[in-house]
Amino acid sequence: ERGRKITPPPPRIRRRACARMPDEEIIEVLIAVKGIGRWSAQMFLMFHLLRPNVLPLADIGLQRAMEKHYNQGKPLTKIKMTKIAEAWQPWRSVSTWYMWRSLDPIPVEY
């Protein structure tokens with residue numbers, strides 16, 4: 001149709017290619033897709049690609065858990081959160097999961 005803007009398709013993401021790409025590069029590819037933000041891309045890295053060292057600073061659960069365990073429940077800046085999480089490397093994804101679990105009032109048995 002005349003005057004109608006054609007949007008190019010989003011880039012294809014191939015799992016094999018992702019295996020060789022650094023996390024930040026994958027995030028850049030993913031956020032180029034309309035509707036996918038940094039947090040969503042980080043969740044993709046953690047849960048689909050099983051990347052072990054992702055630190056989703058925008059995740060509200062991680063923020064609340066870090067505030068609870070590292071700052072007496074008071075807000076933390078992303079800079080301070082990053083500094084705290086330096087000790088978690090190279091397993092920041094795993095540490096994030098433990099932070100999330102620490103907020104659950106009822107223990108879960110697997």
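Position 1 is the first residue of the sequence; numbering continues from there.
Ile36 and Ser40 get closest at one heavy-atom pair: CG2-CB, 4.0 Å. Here the closest heavy-atom approach between residue Thr96 and residue Pro56 is recorded as OG1-CD, 3.7 Å.
Met99 has its side chain within reach of Tyr70: a pair of non-hydrogen atoms, C-beta onward, lies under 4.5 Å apart. Taking the side chain as every heavy atom from C-beta outward, Lys80 and Asn71 never approach each other to under 4.5 Å. Residues Arg51 and Ile26 form a side-chain contact, since some pair of their non-hydrogen atoms from C-beta on lies under 4.5 Å apart. In this structure, the side chains of Asp23 and Leu49 stay at 4.5 Å or more apart for every pair of heavy atoms. Within the 4.5 Å cutoff, the side chain of Leu57 has heavy atoms near those of the Thr82 side chain. Contact of the His69 side chain with the Tyr98 side chain is not registered, since no non-hydrogen atoms from C-beta on lie closer than 4.5 Å.
Not a single donor-acceptor pair under 3.5 Å links the side chain of Ser93 to the backbone N or O of Met46. In terms of modelled atom types and a separation under 3.5 Å, the side chain of Gln63 and the main chain of Leu76 share no donor-acceptor contact.
Ring orientation note: the planes of Phe47 and Trp100 are close to parallel, at an angle under 30° on the 30°/60° scale.
Taking hydrophobic clusters as Ile, Leu, Val, Met, Phe, Trp and Tyr residues chained together by side-chain heavy-atom distances below 4.5 Å, Leu103 does not share a cluster with Trp97.
Between Arg92 and Glu86, none of the side-chain N atoms (NZ, or NE/NH1/NH2) sits under 4.0 Å from a carboxylate O, so this pair counts as no salt bridge.
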